[in-house]
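Single-structure report; data block below.
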Amino acid sequence: MASTSKPLRRVIIVTDSAQSVTVKGTAVVGGVRFAPAVWVAPRPELPTAGSPLAEDLRPAELERFTAAADIVAERLDARAQEVSGNAAGVLKATAGMVRDRGWRKSVRKATNNGHTAEYAVVDATGTFIAMFEKAGGLMAERVTDLRDIRDRVIAELRGEPEPGLPQVKHPVVLFADDLSPADTAVLDTAVFTALVTRLGGPTSHTAIIARQLGVPCIVAVGDEIEVIPEGTEVLVDGVAGTVTTGVDPDEAARLVSESDARAEKIRQWRGPSQTKDGHRVQLLANVQDGNAARIAAETQAEGIGLFRTELCFLSATSEPSVENQAEVYQKVFEAFPTSKVVVRTLDAGSDKPVPFASMAQEDNPALGVRGLRIARKNEEMLCRQLDAIALASKQAGRSEDVPTWVMAPMVATAYEAEWFARLCRERGLTAGAMIEVPAAALMADHLLPHLDFVSIGTNDLTQYTMAADRLSPELAYLTDPWQPAVLRLIQHTCEVAKVTQTPVGVCGEAAADPYLACVLTGLGVSSLSAASSSVAAVGAHLAEVDIEFCMKAADVAMAASGAQEARAAVHELYDTEVTK
Ligand code: PEP
Ligand code: MG
């Protein structure tokens with residue numbers, strides 16, 4: 001909701017409170033920026049189907065399409081040459097989509113049926129969009145990529161300017177429905193100082209690239225974004241997830257410089273992580289392959305707290321052999337040869353369909369046969385994965401003093417925990433479970449005695465506690481890990497863990513929020529794992545507080561009536577007790 005009330009984190013002085021508006025979205029990358037809002041260049045108007053063209057005109061339409069698509073692909077490739085790393089990969093992948101044989105075949109079919117090249121592109125892309133949306137989850141988030149290539153090719157066919165980033169030279173805050181990968185990959189952050197999108201989610205391309213660039217970013221603002229006219233000076237607070245208009249420019253400058261000073265502290269922070277009074281909290285990274293693990297190894301992350309193995313096999317139609325799996329896993333172990341690495345067994349299903357493992361069709365996949373539930377139906381497959389993990393660990397030369405930790409996703413009962421732990425221990429692996437189903441948290445006293453460790457998956461724990469789809473932008477206010485209901489489940493788990501002496505980690509996105517990190521530490525969590533780019537911010541923040549502050553923050557957050565109130569109360573506590 002747009003509101004004229006004070007922003008959540010702190011009071012911002014506004015020039016004219018009647019004119020001041022604050023809209024809120026999902027905070028993705030922290031930092032404060034103040035600049036005029038500018039929208040990305042409009043997408044082309046989409047053509048509608050006309051009457052079929054005469055047969056002799058149809059081949060020329062296909063030729064027009066091929067020429068335009070080739071130009072678009074070449075342009076994207078050329079841009080990929082100008083950048084490096086992930087950005088180059090994203091641009092090459094987008095160029096690859098423009099060259100995709102299946103998509104081009106679909107366009108050819110539409111031109112053969114008498115459609116113009118422009119409409120054939122709309123028609124063919126529409127088929128793919130429907131397919132991706134039906135698959136849901138990560139596939140559905142790629143729909144933005146499809147619309148992007150469609151619009152670029154249509155603009156090229158019409159000789160219109162390429163849709164996307166506006167040509168500006170002065171600093172602006174970029175507003176968009178959702179940014180395409182091709183746009184975000186070449187963003188000049190000196191010009192586009194912050195990103196605000198109507199759509200998207202914490203795992204959309206905009207969010208991934210914004211994290212990589214370290215540019216303040218807020219997604220899923222919804223239609224409230226419309227209340228801010230283009231050209232209005234806005235204050236973007238990437239921690240609070242707010243965009244505010246009517247802010248006094250001097251006050252804005254002060255907040256920006258305060259945020260920059262914090263960024264400098266983060267740059268200078270060196271681990272290992274502990275509070276000011278020496279309470280240790282291990283900071284670990286979430287990765288999906290060897291490449292991400294190598295990137296994490298260059299940060300202050302002390303190890304891997306979550307290796308999402310299912311993401312290695314999103315397109316595998318048959319189960320890779322034990323040796324082939326081991327080869328993939330080994331690359332992650334090699335990035336952290338002597339440190340803690342927590343491997344999660346396949347969390348296939350729901351938003352992460354793995355062709356060889358997931359159920360073909362389910363009415364309600366988030367509540368269906370996903371994660372460990374697939375392994376319950378196919379124990380041999382789980383055993384082969386555990387064999388592969390053990391083999392990879394051995395091949396990577398890990399010694400007995402560096403145990404290999406393995407955990408199961410979506411554990412809901414004590415029986416599942418016991419069964420999984422037995423299979424792990426038979427292979428010399430340290431056995432754990434994710435606590436991401438509310439039942440597992442509530443039954444911690446029955447689950448934990450079977451396990452060597454647990455790791456709380458706050459993304460799913462929040463989704464299931466609040467009965468709100470984690471990928472829905474409309475429900476982002478519910479799927480907020482600051483929800484006191486979620487914190488109470490974590491508290492309960494930690495209380496049981498204290499008795500059973502079981503290490504408790506958190507590996508959901510909550511672990512990336514420096515303020516929430518204090519709360520989790522206060523609740524008794526001993527390791528935090530999130531995107532490696534967030535490690536230094538969390539470490540620098542924990543270094544400023546003591547354990548007493550963390551415990552107070554935990555009490556304050558749990559006593560709050562809702563997520564926003566919890567966040568605001570902890571920020572306020574920090575402002576009064578730490579910033580002073
Ligand atoms: C979680 O649910 O918090 C988690 C870490 O697992 P994933 O995001 O992969 O479902
Ligand atoms: Mg999960």
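Keep in mind that this is a model prediction, so the values were computed, not measured. All ligand and atom numbering here is 1-based and tracks the order in the structure.
Ser529 and Asn286 share a side-chain donor-acceptor pair at under 3.5 Å. There is no side-chain donor-acceptor pair under 3.5 Å between Trp405 and Asp452. At a cut-off of 3.5 Å, with distance as the only test, no side-chain donor of Tyr329 or Gln395 sits close to an acceptor on the other residue. Checking Tyr574 against Glu544 by side-chain atom types alone, a donor-acceptor pair falls below 3.5 Å. In the model, Glu565 has no side-chain atom that pairs as donor or acceptor with a side-chain atom of Trp482 under 3.5 Å.
A distance of 6.0 Å or more separates the ring centres of His450 and Phe420.
Listed by chain and number, Leu306, Arg308, Arg344, Asp347, Lys352, Arg370, Met434, Glu436, Gly457, Thr458, Asn459, Asp460, Arg470, Cys507, Gly508 each place a non-hydrogen atom less than 4.0 angstrom from ligand 1.
Around the Mg ion (ligand 2), the protein N, O or S atoms found under 2.8 Å comprise Glu436 OE1, Asp460 OD2.
At a threshold of 4.0 Å, the pair Asp289-Lys331 does not count as salt-bridged, since none of the basic side-chain nitrogens sits closer than that to a carboxylate oxygen.
For the pair Val196 and Ile225, the minimum side-chain heavy-atom distance is below 4.5 Å.
Under the 3.5 Å distance criterion, the side-chain polar atoms of Glu224 are left unmatched by any main-chain donor or acceptor of Lys24.
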